[in-house]
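The structure appears below as structure tokens.
When a residue number appears, it is its place in the shown sequence, counting from 1.
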Amino acid sequence: MDLPRIFTIRESGHRIHNPMTAAKFAALGEALRLAPGARMLDLASGSGEMLCTWARDHGIGGTGVDISTVFTEQARARAVELGVADRVGFVHGDAAGHVADEPVDVAACIGATWIGGGVAGTAELLERSLRPGGLMLIGEPYWRRTPPDEETAEDCHGSSLADFLPLPDLIERFQGLGYDVVEMILADQDSWDRYVAAQWLSMRRWLDGNPDDELAPEVRRELTTEPARHARATREYLGWGVFALMRR
């Protein structure tokens, strides 16, 4: 059980595996007014940057769950580096269906709502771990601008225009599921660039070191096509944000 190698090749240099930045995660942690000692569950936690830095900055604890062995090891190392390994732990496993042993104060899934089959299923999954009155965090794409055609939508890594909603409609979607939207932090074009463009350097360095690997042709194709695709589509049309929700 692991991510395909291509994912870890692309993002081997990343601490944050989505178009948020360290500054935006710091701003979100401040905005949520996290109390020392609060417990958090982070599903699809990646390299653990959000949980580790919030443990350092706000005194919280918790658990991250991720299917990638590489990212889980990076998260454990980051916890040691930041001096919070006594308060946070990281589990290698499938986040889909994972429920905390005890209710938590914050339940999060940042950019991986496929673990619940979409926003509604992921909210239902997170709810199973959340204490009454707790905070739910969901990271999700939305259309910053509606693409002109299906081809452009596909260039934004969607299968169709219907995959994502405009921002007001996404907020109303959360409300329709019975939640108040109580905070949000949105990516911008620069943070999209920092996330996506960093993949190009990682892929190029990997190619230089692994020219005969079986994945080399696939990595070469991505490195050839992705910069223009990103400039043409993702950074122009696709938004991305983290939304804090509370059950009504």
Cation-pi, Tyr179 ring and Arg247 (6.0 angstrom, 45 degrees):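 The answer is yes, since Arg247 meets both limits relative to Tyr179.
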
Joint cluster assignment, Leu201 & Trp206, ILVMFWY side-chain distance < 4.5 Å: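 Result: no, two separate clusters.
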
Co-membership, hydrophobic cluster, residues Val181 and Leu186, 4.5 Å side-chain: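 Yes, same cluster.
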
Counterpart residues, salt bridge (charged side-chain N to carboxylate O under 4.0 Å, His left out), relative to Arg204 (two or more places apart):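 If we apply the salt bridge (charged side-chain N to carboxylate O under 4.0 Å, His left out) test to Arg204, skipping adjacent residues, the hits are Asp208.
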
What distance do [X] atom [atom1] and [Y] atom [atom2] have between them, rounded to the nearest 0.5 Å?
X      : Y      : atom1 : atom2 : answer
Leu41  : Thr63  : CG    : OG1   : 6.5 Å
Ile185 : Met20  : CD1   : CE    : 6.0 Å
Ile6   : Met203 : CD1   : CE    : 7.0 Å
Asp2   : Ser68  : CG    : OG    : 5.0 Å

Passing option when Glu218 is tested against Glu222, Arg220, Glu214 for side-chain contact (heavy atoms from CB on, under 4.5 Å):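 Answer to the side-chain contact (heavy atoms from CB on, under 4.5 Å) test with Glu218 among Glu222, Arg220, Glu214: Glu222.
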
Sequence neighbours excluded - side chain to side chain donor-acceptor pair (under 3.5 Å) pairs with any residue from residues 88-108: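 Those involving residues 88-108 are Asp105-Arg131.
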
Taking the six-membered ring for Trp, are [X] and [Y] parallel (under 30°), tilted (30 to 60°) or perpendicular (over 60°)?
X      : Y      : value
Trp54  : His58  : perpendicular
Phe164 : Trp143 : perpendicular
His230 : Trp200 : perpendicular

Chi angles and distances behind the salt bridge (Lys or Arg N to Asp or Glu O under 4.0 Å) call for Arg173, Asp169: CA-CA 6 Å; Arg173 172 74 167 135; Asp169 295 351; over 6 Å; no

Test item: side-chain donor near acceptor, Thr234 and His157, under 3.5 Å: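 Thr234 vs His157: no donor-acceptor pair found between side chains.
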
Audit row: Arg56, Glu49, salt bridge (Lys or Arg N to Asp or Glu O under 4.0 Å) steps and yes/no: CA-CA 11 Å; Arg56 177 196 63 192; Glu49 189 72 1; over 6 Å; no

Side-chain donor/acceptor of Thr122 to backbone N/O of Gly118, under 3.5 Å: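 Here the side-chain-to-backbone pair exists.
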
Stepwise salt bridge (Lys or Arg N to Asp or Glu O under 4.0 Å) test for Arg229 and Asp155: CA-CA 6 Å; Arg229 185 209 55 76; Asp155 275 346; 5.7 Å; no

Arg205 atom CZ: more than 12 heavy-atom contacts under 6.0 Å: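 Counting neighbours around CZ of Arg205, 12 or fewer heavy atoms of other residues, nucleotides or ligands fall under 6.0 Å, so no.
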
